[in-house]
Structures are given as C-alpha cells and as structure tokens.
Amino acid sequence: MKKILLAATAVALLPLLFACNKNNGGDTRFEDPRFVQYAGQLIPCSDPTPTKTVLIETPENTLHSIELTESGVYAVGTLTEGRLSYKTGTYSVDGQAYNLAGYGTLRFDNSSTGEVDVLIDRPGQEAEIMRANFNRAKGSDQLYRGWTVDKTRVTIKGWTTASADFQGCNFYDIAKFIRDNGHDVPDDITPGMALSSISFTGTEKILFAYTDGTGDAGEFRFNGSSFTYRWDDEKMGFTFLTDQATVEYMDGKCILTISASIQDSTTSGSVTFVLSPMA
C-alpha cells in the first residue's frame, strides 16, 4: 500500500519555499555518519549454501540481501514466493559484531570487501554460519548517509492544481488531501503510517524506511547534483515514467526531488522531501 501511495496516487511534491540561500552543496558540509567505516552490503553466496536454514527459513523465504547503512539503519531483504520485502531497523556495532535491533546479531570480518563467513545469532534459534559476499561501502559524497524526513509540500498537477504543506511524511494525511482533491487512493492507510527515513549508501543503494518496520530499496547512480534510480521491487516504481532525481542543499538540509508522472494520466509533477542528516 505504501508503494501504491508513492508510485500511483498522483502525488506530486514540489520544492518548498525557504527564507534561506541555496548553495547546491557548495558551502554545506556534514560530519561523517557514525558507522561509515562499518557500512556495506551482504549478499549470500549460492555456493556454498548456509549450513542450515538460518536466514532461509523455508524454501519460499530466501534471503536477498542485508543492507548496513552509514547512519546505522539496516534492511534485511527476503524473497517470498517471488516477492521482495524488507524489514528495517537500527543497528549498533561492537568490533565485528552488528546488533540489528529486532532481528539478531551478525558477526563477520568487516575489514574489507570479499567473501566472509557470517555468524548469525537470532533470538530463539541456534547460531549458524552463512557464506556471503561483503561489499564494503566506498562512497564519500555527503549524500551517502541516512536522512530523516522533516517536511513535504504536496502539489497535485492535473485538471486542476492544489498544494498543501505537511510536517514529516504521514501517508494518511497526504492520502486525505489527495482524496479531497478528486483522486483515488487506497482506503486502508492507517493514521500512523509514515516514511521515517531515506538512506543513500556507498554501495549505491537507496533505502526508504517506514515507521512500521518495513522498507523499500533500489539502486542509484549519482552524478553531481542528479542521479538515476531503479527500485529492486518493480512494483515500487511501476507507474513512475521517469527515473530521474536531483539533490540540493539549503542551510544544513537536503532537498531531494524525484520527477514523477502517472501512467495513462494527465497528472504529473515531482516528489520532494526536505531532509535532515542522521548521525
């Protein structure tokens, strides 16, 4: 339902107006995120396979990847009956041990990129070892970190144009605004459903983390102040007819603008998030 709201409900969030100066990153600098030296991506090796079924709990539930971001957000992706889903949360690091809150503990050699043996210890299960490829984060751009969502401005551009400002990104409030302006959206969006953070990693992954502990991820290619992206789950971006986005910086904020167009519709625009850096 979050995918539908972001990709297929005729939402267009245009740049917010600020009483500050744009600098496109020229004078904006952020401290390094706290886990930049530990960040990376774990991809299970197909051979050898895990010793038992630690992360592959059933033949229909297969580990896709584990993302460990620079700001301490993790995402565990699993494939279930061909559908990709992500569990998200925060993690802490003690040497080579990663404690993924709400998931378990991973222990492996995080000193360099390459194949590693990962010891997985999950509550209520016997600890096991899995072979995986560790792709250590290499990016150094200030975009590569976690960002919390401060505010949005929603503008619907179709037969008529309407806009409204929101604190954060609460899907229920945004959906009500869209319905009030004549567009259909899912009616099962609960008041607490919201986007909590967006992460960009040095392994060129983009991660949307939601307040219900789920997430969506994709790949991006960054070039100066713009980038192209592709969602891992095709459903996430099926009706986005563009794959372009831009970033700029204003007084310690990151302004992320995603160009969007709704398939077979005259409604179009962009999705803009005003973001604050996570530690």
Quick one, N99 with Y91, criterion side-chain contact (heavy atoms from CB on, under 4.5 Å). Give me CA distance, side-chain angles, the key distance, then yes/no. CA-CA 5 Å; N99 180 28; Y91 72 87; 5.9 Å; no
Identify the heavy atoms of Q37 and R34 that sit nearest to each other, and give their distance. OE1-O, 3.4 Å
Testing the basics here: between L63 and G77, what is the closest heavy-atom pair and its distance to 0.1 Å? CD1-O, 3.5 Å
Check the pair W147 / F30 against ring pair (Phe, Tyr, Trp, His ring centres under 6.0 Å), numbers first and verdict last. CA-CA 12 Å; W147 302 88; F30 305 101; 5.3 Å; yes
Taking T272 as the fixed residue, which of T257, T152, T246 is the one that meets the side chain to side chain donor-acceptor pair (under 3.5 Å) rule? T257
Could you measure the distance from the CE atom of M278 to the OG1 atom of T69? Nearest 0.5 Å is fine. 6.5 Å
Grouping I, L, V, M, F, W and Y whenever their side-chain heavy atoms are under 4.5 Å apart, do F273 and Y210 come out in a common cluster? yes
For T201 and T203, test the side chains for any donor-to-acceptor distance below 3.5 angstrom and give the result as yes or no. yes
Measuring from L100:CG to D121:CG, what's the distance to the nearest 0.5 Å? 12.0 Å
Under the side-chain contact (heavy atoms from CB on, under 4.5 Å) criterion, do E204 and E219 qualify, and how do the steps go? CA-CA 6 Å; E204 296 188 314; E219 300 177 354; 5.9 Å; no
Determine whether F134 and V36 fall in the same hydrophobic cluster, where Ile, Leu, Val, Met, Phe, Trp and Tyr are linked whenever their side-chain heavy atoms lie under 4.5 Å apart. no
To the nearest 0.5 Å, what is the distance between CZ on R122 and CG on L106? 9.5 Å
Aromatic contact between Y74 and Y98, with the criterion being ring centroids under 6.0 Å apart: yes or no? no
Output yes when a side-chain donor or acceptor of N110 lies under 3.5 Å from a complementary backbone atom of G95, and no otherwise. yes
Spatial distance of atom CE (M130) from atom CG (L119) [nearest 0.5 Å]: 10.5 Å
E67 side, atom CD; I206 side, atom CD1 - distance, nearest 0.5 Å: 12.0 Å
Pairing donors with acceptors under 3.5 angstrom, does anything connect the side chains of K87 and T214? no
Does the structure place the NZ or CZ of R145 under 6.0 Å from the centre of the six-membered ring of F200, at an angle of no more than 45° from the ring's axis? no
Are V73 and V149 connected in the hydrophobic side-chain network, where two residues link if heavy atoms are under 4.5 Å apart? no
Checking W231, Y86, F171 against F208 for ring-ring contact (aromatic ring centres under 6.0 Å, His included), the one that qualifies is W231
Do Y103 and L207 belong together in a cluster built from hydrophobic side chains that touch within less than 4.5 Å? no
Evaluate the side-chain contact (heavy atoms from CB on, under 4.5 Å) criterion for residues K253 and D150: first the C-alpha distance (whole Å), next the side-chain angles of each, then the deciding distance (0.1 Å), finally the verdict. CA-CA 9 Å; K253 305 289 186 181; D150 286 354; 2.5 Å; yes
So S225 and E248, side-chain contact (heavy atoms from CB on, under 4.5 Å) or not? Walk me through it. CA-CA 7 Å; S225 62; E248 58 184 350; over 6 Å; no
The reported gap from CG in L42 to CZ in R131 (rounded to nearest 0.5 angstrom) is 11.5 Å
